[in-house]
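A short write-up of the structure that comes next.
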Amino acid sequence: MYHPVKISALAGLSVLSLAHCTQQKSDPRPNIIYIMADDHAFQAISAYGGPLKDLAPTPNIDRIAQNGMRFDRCLVTNSICGPCRAVVLTGKYSHMNGFIDNTGRTPFDGSQQTFPKLLQASGYQTAMIGKWHLDSDPTGFDYWDILNGQGNYYNPDFISKDGTITEKGYVTELITQKSLNWLAKAKGSGKPFMLMMHHKAPHREWQPGPNELKLYKDVNFPEPPTLFDDYANRGLAEKSQDMTIDKTMRLEEDLKLYRDPEKPKNSGLQRMDSAQNAAWDAVYNPIIEKFYASGLSGKELVSYKYQRYLQDYLACIAAVDKSVGEVLDFLQENGLDKNTIVIYTSDQGFYLGEHGWFDKRWMFEESYRTPLLIEWPGTIAPGTVNGDMVSNLDYAETILEMAGVAVPDDMQGRSMLPILKGNTPADWRTEHYYHYYEYPGYHMVKRHYGMSTMRYKLIHYYYDIDEWELYDREADPLEMRNVYNDPAYDSIKAELHIQLDSLMKKYQDSDSLARTYLPVESVQ
Ligand code: CA
């Protein structure tokens, strides 16, 4: 057994002595591998079931669920890439860690407290490999090797302490190889390790790797029941959004239906070498030819775009799944599987055609919920499913407690350790606060904050409009009907308003603070 490590501002000396003593081979604390994909919908993980599970299975990611715990209600606090990463690192809401949106208004302040720094100070070896996307260099890591911004799928640039280099190959495979290389070095050092392995995939524009190009090209995926949502019974936010497969998804850049065989520079595909390019063209050219000969329009065109979208998106995930398998195999082959915790998650959820959308941002279910699977042999019972309301706000606290490091008081989430052991605390949260800021901006989803219980969601669109929405997920699981003005909900509405006020107070957020964030055009 290991003992909790006390960290305090006054205890610099004891932290140092602890770091020294934990460098001995006797440190029994668990290794931790945190694998995070980018935009990986829970609907696209077969362990979660659903209509895609047999058509596009993820057998390796499912191994984590089989060996450990699957979380069915893990909610993010602000469903957009960079801000989610900042929440994970700090255990704090966006307005507290300062990274509220992806507009580049400010880089992530790496001088602040993060869980990797605390782990490092307690004697862990720490590494960050893959997509970082926080506009400042990583801090708290002994080793880091990150993609440049969003990164490229083919022959991407990686940035490390030594500078920038272009690696030849496919991004998911490169991140895997770099991670395995680091693990091979870390395992023999006698210190426990914590690796953050962040995939770029399956982020837009969903460019499949050389080994998955043909995987789903002839597969027909079932359409979600709300693909042709007309946003009746909802407000201006839904009616004015800009993220539909119909209007926002681009035939060329998103679906790779390039009329010109010379692919545009901004697609990233010009980075391919001639062999990669030839393999790509052999698959896509017949698709392109057939599409432009078809003359599709209207609903038929939307259905076609949905299929092309899923074929590419799921092919990107197949490479991520293979990567997870390689990491799990490495742990087994090196006798590390018994004392290594593996966490699989995504920075947020994603729409796969629900409400006619792709992308994320909203407090609606598919982007608000993110997949979370954790295995920890000997601690988490295999094959367990948990329905508690957990959050990416809890990851930092949970990982610290896994490592026996005291959780600082100013973190805003809560360690999930008791839940992992099968003992959900009686006072575990039953309501969750959300706040999305990125508007005006790309995709144009209006700013909103709100709260959810297991059954209801109360949402306030507040920036250039003032509209409230209320959803009853029990009566309306697909979230198609705003019942805010339905008198039948008057009393629950009043209760939820009180709960929302109290959550905003608890997390030190407020409507007036939210309005101080000007559009990025004004701050740049
Ligand atoms: Ca993302």
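Remember, it's 1-based here, ligands and their atoms both numbered in the order they're listed.
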Does the ring-ring contact (aromatic ring centres under 6.0 Å, His included) test come out yes or no for His432 and Tyr368, once each step is laid out? CA-CA 11 Å; His432 183 263; Tyr368 184 34; 5.5 Å; yes
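For Asp39, the N, O or S atom with the smallest separation from the Ca ion (ligand 1) is OD1. The closest approach of Asp347 to the Ca ion (ligand 1), by N/O/S atoms, is made by OD2. The N, O or S atom of Asp38 lying closest to the Ca ion (ligand 1) is OD1.
Inclusion of Gln348 in the first shell of the Ca ion (ligand 1) is supported: an N, O or S atom falls under 3.0 Å. At a cut-off of 3.0 Å, Cys81 coordinates the Ca ion (ligand 1) through an N, O or S atom.
Checked by atom type, the side-chain pair Asn211/Glu173 shows a donor-acceptor distance below 3.5 Å.
In this structure, Tyr449 and Tyr462 have tilted ring planes: the angle between them lies in the 30° to 60° band. Relative ring orientation between Trp362 and His448 is described as tilted, the plane-to-plane angle lying within the 30° to 60° band.
Judged purely by atom type and a 3.5 angstrom limit, Asn155 uses its side chain to pair as donor or acceptor with the backbone of Gly169.
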